[in-house]
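First comes the structure, then the notes that go with it.
Note that the numbering runs from 1 along the sequence shown for the chain.
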Amino acid sequence: MVIGVDTHKDVHAAALTSHGAMLATASFPTTITGYQQLLSWAHGFGDTVVAGVEGTGSWGAGLTRFLRSEGITVIEVNRPNRAMRRRWGKSDTVDAEAAARAVISGQATVVPKTADGSMEAMRYFKLAKDSAVKSRTQAINQLKGVLVNGDPALREQLTGLSTRAQVRHCANLEPAAAGAAITASRRTLRLLAQRIEHLTTEIRELERLITAEVQAAAPKLLDLFGVGHDSAATLLIAAGDNPDRLTGEASFAALCGVSPIEHLSGKTQRRRLNRGGNRQANAALFRIALTRLRADPRTRAYVQRRTTDGRSTRDILRCLERYIAREIFKVMTATGMPATT
């Protein structure tokens, strides 16, 4: 017995099929009571239930955790492609039925993240940190803009100082007996500087929490050349709390978008970059590769050798990211994170 669920913020639509035959459809609220009603409704058609759920990492995260806690096998389902939508239309019921049929046909086989352990905690910390970094950057740009257009005497006084020194000075500015515009600019500078200092303290605290989670989950990951706490956290979050859902290092590379894609057509025979996968994890591997290109002798020797062989820079980077993904996966699985081969 297979149910397909199209998840939304307030209501989940479910379709139930058996061997491809539609039996019934229904909608349930996104509450604990609604989840229980959905499960009872599905059990009314059979004891063994497999659920194909759209959006297991967003609107369907709560339902996914509930179903797994009840012993239900959950399969992650992508939304229907555009060709199917043009053919069958778009509605919650149609999407729910498509999710169920994707499981039955074998098109959907991915086990979703459990999102109930240290990796999920790390994800929350990193979410808050990234938001704080973005807000601090915006505040710094605004402070510099006010300095340019504000009090000329203050601008001359702060010219040549580092950003940190400018922020420290502006945070302690006293009101000045000047025109309305100058007074307002000085008050704005003080408020912006105090906001920057607060965000800096918040970022440092979140970095400490993230580093502690990384060291607890995979301490040897930080020993790898070019792998900092931020990149390590991003890659661990991509793997999730149940990395055993990955079938091996090739699966992890595909998840990070660094697995080679065959591009064969006529006389053209080559492999190209994979533009899919988790883009944050892909960016983390790219940053590690750039760091090694600048300072790792082994990587620089490899690049020189492949360049002599006629490889392009893009191909060399793709190969480097693939090797780094393999190295990181081995470290993650060697430090207690389960995985199958």
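- Between atom CG of residue Leu221 and atom CD of residue Glu327 there is a gap of 9.0 Å, rounded to the nearest 0.5 Å.
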inquiry  = Using side-chain contact (heavy atoms from CB on, under 4.5 Å), reason through Leu293 and Leu317 one step at a time and then give a plain yes or no.
reply    = CA-CA 9 Å; Leu293 279 172; Leu317 273 175; 3.8 Å; yes
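- Residues Asp230 and Lys126 form a side-chain contact, since some pair of their non-hydrogen atoms from C-beta on lies under 4.5 Å apart.
- Residues Arg195 and Ser135 have side chains not in contact (no heavy-atom distance under 4.5 Å, counting atoms from C-beta outward).
- Sequence neighbours left out, the pairs with a member in residues 147-169 that pass salt bridge (charged side-chain N to carboxylate O under 4.0 Å, His left out) are Asp151-Arg186.
- Across every non-hydrogen atom of Gly226 and Thr291, the tightest pair is CA-CG2, 3.8 Å.
- Looking only at distances, no side-chain donor or acceptor of Ser131 sits under 3.5 Å from a matching main-chain atom of Leu127.
- A salt bridge is defined here as a Lys NZ or Arg NE, NH1 or NH2 lying under 4.0 Å from an Asp or Glu carboxylate O, and Asp130 with Lys134 fails to meet this definition.
- By the side chain to side chain contact (heavy atoms under 4.5 Å, CB included) test, Glu76 pairs with Thr56, Val110, Pro112, sequence neighbours left out.
- Ring geometry for Tyr35 against Phe66 counts as tilted: the plane angle lies between 30° and 60°, on a 0 to 90° scale.
- When side chains are defined from C-beta on, Val5 does not count as touching Phe28, because their heavy atoms never get closer than 4.5 Å.
- Separating the CG atom in Leu189 from the CG atom in Leu158 is a distance of 8.5 Å, to the nearest 0.5 Å.
- A 4.5 Å side-chain heavy-atom check between Arg298 and Phe225 finds every atom pair outside the cut-off.
- For the 3.5 Å distance criterion, the side chains of Glu120 and Tyr124 qualify, holding a donor opposite an acceptor.
- No donor-acceptor distance shorter than 3.5 angstrom exists from the side chain of Asn278 to the backbone of Cys256, with no hydrogens or angles considered.
- Here the side chain of Asp241 pairs no donor or acceptor atom with the backbone of Thr114 at under 3.5 angstrom.
- Remark: Lys220 NZ to Met332 CE distance equals 14.5 Å, nearest 0.5 Å.
- When atom types are taken as modelled, the side chain of Thr30 and the backbone of Lys9 share a donor-acceptor pair closer than 3.5 angstrom.
- No donor-acceptor distance shorter than 3.5 angstrom exists from the side chain of Ser231 to the backbone of Val227, with no hydrogens or angles considered.
- Looking only at distances, no side-chain donor or acceptor of Thr234 sits under 3.5 Å from a matching main-chain atom of Ala281.
- The stretch residues 98-113 participates, sequence neighbours left out, in these salt bridge (charged side-chain N to carboxylate O under 4.0 Å, His left out) pairs: Glu97-Arg101.
- A distance-only check finds no donor-acceptor pair linking the side chain of Arg311 to the backbone of Ile316 [under 3.5 Å].
- More than 12 heavy atoms of other residues, nucleotides or ligands sit less than 6.0 Å from atom CD of Gln157.
- In this structure, Glu205 pairs ionically with Arg208, as a charged nitrogen and a carboxylate oxygen lie closer than 4.0 Å.
- Thr299 places no side-chain N or O within donor-acceptor distance of the main-chain N or O of Ala295, the cut-off being under 3.5 Å.
- Side chains of Asp6 and His8: a donor-acceptor N/O pair is present below 3.5 angstrom, by distance only.
- In this structure the side chain of Ile72 never reaches within 4.5 angstrom of the side chain of Ile3, judged on heavy atoms.
- Between Leu320 and Arg292, every side-chain heavy-atom pair lies at or beyond the 4.5 Å cut-off.
- Applying the side chain to side chain contact (heavy atoms under 4.5 Å, CB included) test to Asp309 and every residue at least two apart in sequence or in another chain returns Arg305, Arg306.
- With sequence neighbours left out, Ile140 forms a side chain to side chain contact (heavy atoms under 4.5 Å, CB included) with Arg136, Lys144, Thr163, Ile196.
- When each of Leu67, Val103, Val111 is checked for a side chain to side chain contact (heavy atoms under 4.5 Å, CB included) with Val74, only Leu67 meets the rule.
- Screening residues 56-75 for salt bridge (charged side-chain N to carboxylate O under 4.0 Å, His left out), with sequence neighbours left out, gives no hits.
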